[in-house]
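What you are looking at is a predicted structure, and each value in this text was computed from that prediction instead of being measured. Chain A is the first sequence line, chain B the second, and so forth, proteins listed ahead of strands; every chain is numbered from 1.
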Amino acid sequence: GENVEQHPSTLSVQEGDSAVIKCTYSDSASNYFPWYKQELGKRPQLIIDIRSNVGEKKDQRIAVTLNKTAKHFSLHITETQPEDSAVYFCAAKRRGSQGNLIFGKGTKLSVKP
Amino acid sequence: NAGVTQTPKFQVLKTGQSMTLQCAQDMNHNSMYWYRQDPGMGLRLIYYSASEGTTDKGEVPNGYNVSRLNKREFSLRLESAAPSQTSVYFCASSEVLGLATYNEQFFGPGTRLTVL
């Protein structure tokens, strides 16, 4: 079955710096890769996603890149702010899997003022 | 719209007790999911329901049962709770119209369960 590895598990940056979180997946049939943000004590919420027919997608300060050949995708946050502090989860959906997502184990991002 | 709601928010059980976690969504989504979240483990799928009347096992189904009561409601039952089931449980829903759709999953606020 699908396996998603996420690195690093913790990341600390200074406000204004960039942050990059990387994920690899094992199933070449995966075709959808969302990223969720979870603030402390809250529910996960989608922040950006990418489909397998696209190499990069950007939304203001966040971007996601996908390398299908290497089977990895990354989240990039520029000009980080303290409110970006949260746990970020990557996920992958296998083609034909009824929407089921396999999640990475999460990255705790801390942005220091 | 309330989105996805879950009850209860917190629960403490003794080993061997049973309980049902309730989930409801008002977005007319056809797919619903139950996850558990443990420290350092991410979100793991317990069961899902692709549409009303169907349920299937996810990654970690042992010790759980589910019921898709109608299109809105999807419940998770622990028949005989064990300390290993101490976790935060999230329900989610999405609009999946076929095998090729890629739609956002909306999560409920979670239920924090402790089994002593």
Side-chain angles (χ1 to χ4, degrees), chain A residues 1-10 21 23-27 29-54 57 59 64 66 73 86-108, chain B residues 2-6 9-10 23 25 27 29-61 68 74 88-112:
Chain A
E2 174 68 281
N3 184 50
V4 176
E5 303 258 348
Q6 183 171 348
H7 298 280
S9 56
T10 60
I21 302 170
C23 289
T24 60
Y25 60 98
S26 60
D27 191 338
S30 292
N31 62 355
Y32 174 62
F33 307 93
W35 286 87
Y36 284 79
K37 175 183 180 181
Q38 185 179 29
E39 297 176 354
L40 188 63
K42 301 288 183 63
R43 70 191 79 188
Q45 291 189 296
L46 180 74
I47 55 171
I48 196 167
D49 57 11
I50 192 167
R51 303 181 186 184
S52 58
N53 60 348
V54 175
K57 184 177 179 181
D59 182 3
V64 58
L66 172 64
F73 56 112
V87 178
Y88 292 81
F89 293 97
C90 63
K93 181 187 96 70
R94 188 178 184 279
R95 186 182 304 119
S97 66
Q98 297 283 2
N100 295 348
L101 298 175
I102 302 298
F103 284 84
K105 294 183 178 181
T107 297
K108 183 177 182 180
Chain B
V4 180
T5 58
Q6 291 181 236
K9 291 184 178 179
F10 302 93
C23 174
Q25 51 93 8
M27 295 175 282
H29 288 165
N30 54 355
S31 295
M32 298 185 73
Y33 314 84
W34 275 106
Y35 293 92
R36 61 177 289 172
Q37 184 175 37
D38 303 295
M41 295 297 293
L43 292 149
R44 292 183 291 169
L45 184 66
I46 304 171
Y47 270 93
Y48 67 98
S49 171
S51 61
E52 185 178 354
T54 68
T55 61
D56 282 289
K57 296 178 180 179
E59 299 174 74
V60 290
R68 183 74 182 269
F74 187 38
V88 179
Y89 291 85
F90 286 99
C91 177
S93 71
S94 68
E95 183 66 7
V96 178
L97 300 175
L99 300 179
T101 55
Y102 320 84
N103 285 347
E104 176 179 359
Q105 288 191 15
F106 293 85
F107 285 80
T111 295
R112 187 174 295 275

- Under the side-chain contact (heavy atoms from CB on, under 4.5 Å) criterion, do Phe103(A) and Gln37(B) qualify, and how do the steps go? CA-CA 11 Å; Phe103(A) 284 84; Gln37(B) 184 175 37; over 6 Å; no

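For Leu45(B), the part lying under 4.5 angstrom from a heavy atom of chain A is the side chain only. Neither the backbone nor the side chain of Pro34(A) comes within less than 4.5 Å of any heavy atom in chain B. Interface residue Phe107(B): backbone and side-chain heavy atoms are both found under 4.5 Å from chain A.
Evaluation of the salt bridge (Lys or Arg N to Asp or Glu O under 4.0 Å) rule for Glu59(B) yields no partner, not counting sequence neighbours. Remark: Asp56(B) engages no residue in a salt bridge (Lys or Arg N to Asp or Glu O under 4.0 Å) (not counting sequence neighbours).
Side-chain contact between Gln38(A) and Phe90(B): present, with at least one pair of heavy atoms (C-beta onward) separated by less than 4.5 Å.
Separation of atoms OG (Ser94(B)) and CG (Leu46(A)) is listed at 11.0 Å; rounding is to 0.5 Å. Within the model, atoms CD of Gln105(B) and NZ of Lys93(A) stand 10.0 Å from one another, a figure rounded to the nearest 0.5 Å.
Surrounding CZ of Arg112(B) are at most 12 heavy atoms belonging to other residues, nucleotides or ligands under 6.0 Å away. Other residues, nucleotides and ligands contribute more than 12 heavy atoms inside 6.0 Å of the NZ atom of Lys37(A).
Contact between Gly108(B) and Arg43(A) at its shortest, heavy atoms only, is O-CB, 3.2 Å.
Between chain A and the options Ala92(B), Gly58(B), Gly42(B), Gly110(B), heavy-atom pairs under 4.5 Å are most frequent for Gly42(B).
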